[in-house]
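Counting starts at 1 for both ligands and their atoms, following the listed order.
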Amino acid sequence: MKTMLKTSAAVTAIALSASAVSAEKWDMPMAYAASNFHSEMGVVFADKVRDYTGGDIDITVHAGGSLFKGGEIKRAIQTSQVPIGERFMSAHANEAPLLGWDNLPFVATSYEDNEKLWQAAKDKVNNQLSDLNLVALYTCPWPGQGFYFKKEVASSDDTKGIKFRSYNTATATFAEELGMIPVQVEAAELSQALATGVAEAFISSGSTGYDRKVWEHLTHYYKVNAWLPRNYVMVNKQVWEGLSAETQAAVQKAADETGAACSAKSAELANWYFEQLSDNGMKVEDAGDGFRAELEAIGAKMTADWLEQAGDDGQAILDAYNAN
Ligand code: PCA
């Protein structure tokens, strides 16, 4: 009996020390404002992970580019400076064109179609991310993308020479096609760029315009709804592969639930953001027919360019999307 007690005490001690050793603290840099729904959902995810792993993984969210700037987050994860983080997926399309799958103008402009496109793209995107030493846990769409200006714009005649804040190579191309001068600026630094005149227009959702209070500098928002780009929460591949199957399943469950909740939140907020822009004095309207026709022509060219860069995999994604 005595021996048994001793043995069981020893087993308990080992179990305790094993769980103490396996309890991991993960810092999770995120690129966008702490009050933005993406970042709030990052905190929901962290809470779920803590819950479903029984405290084995304890994630601390660092929003707003505070730990690593938006443009540095992917590399920080790839090189194991942090195990996990979040970023805008198509910002990485310069390195891996396939990751621009969600940046194709006027291809999938509702949440439903955007989800359909993601289902068509998912396996290929995950293969691509694996080559980059990353594993995506969940993705979440921004509301539709439209144009912010500080004057009325009826066609490209009105956009020539404007300094345009872009967030990836595709939006820089869009700007150039409209005769504008692109400059890449992080969302976290957007208010400052507008205040100092580094940028005087940009493309984004109502969400980022609201977060950055752009009505302090700009006057017009055109609801083009060109695409719904996604953020993704990614983890370093070795870190992921080092987890037990049970822990992976717990983290993935947290990720699946958070991804679905985040997407629903985005849809729920889309019009609310427009109301906030409008309540703060901006003119929020649909682009005029002439401007829209120009944007659609540029969009078709951008999709053709993407297909050239993304090759057969890109074509397969669009084919699968169109077949459904
Ligand atoms: N907001 C982010 C990306 C897309 C969006 O709606 C930004 O403007 O940087």
Close N or O approach (Ser204, ligand 1; < 3.5 Å):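 In this structure, Ser204 places an N or O atom under 3.5 Å from an N or O of ligand 1.
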Min side-chain heavy-atom separation Leu134-Val235 under 4.5 Å: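 Leu134 vs Val235: side chains apart.
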Would [X] count as a contact residue for ligand 1, given that I'm defining contact as a non-hydrogen atom of the residue lying under 4.0 Å from a ligand atom?
| X | value |
| --- | --- |
| Phe202 | no |
| Glu186 | no |
| Arg212 | no |

Taking the inter-plane angle between the rings of [X] and [Y] on a 0 to 90° scale, is it parallel (under 30°), tilted (30 to 60°) or perpendicular (over 60°)?
| X | Y | answer |
| --- | --- | --- |
| Tyr210 | Tyr273 | tilted |
| Phe88 | Trp142 | perpendicular |
| Tyr138 | Phe45 | perpendicular |
| His92 | Tyr232 | perpendicular |

Close-contact set for ligand 1 against [X] heavy atoms, below 4.0 Å:
| X | value |
| --- | --- |
| Gln145 | 4 (C), 5 (C), 6 (O) |
| Ala187 | 9 (O) |
| Tyr32 | 2 (C), 9 (O) |
| Phe88 | 3 (C), 4 (C) |

Trp101 and Trp306: CA distance, side-chain angles, deciding distance, ring pair (Phe, Tyr, Trp, His ring centres under 6.0 Å) verdict: CA-CA 8 Å; Trp101 66 274; Trp306 178 75; 8.9 Å; no
Nearest non-hydrogen protein atom, atom 9 (O) of ligand 1: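 Of the protein heavy atoms, Arg165 NH2, 2.8 Å lies nearest.
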Closest approach of any protein heavy atom to atom 6 (O) of ligand 1, naming residue and atom: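 Of the protein heavy atoms, Ser205 OG, 2.6 Å lies nearest.
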Whether Tyr321 side chain and Val107 backbone form a donor-acceptor pair below 3.5 Å: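 At least one qualifying donor-acceptor pair exists.
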Under 3.5 Å side-chain donor-acceptor pair for Gln145 and Tyr167: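 Tyr167 and Gln145 do have a side-chain donor-acceptor pair below 3.5 Å.
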Heavy-atom nearest option to atom 1 (N) of ligand 1, drawn from Asn36, Thr208, Leu228, Asp211: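 The nearest heavy atom belongs to Thr208.
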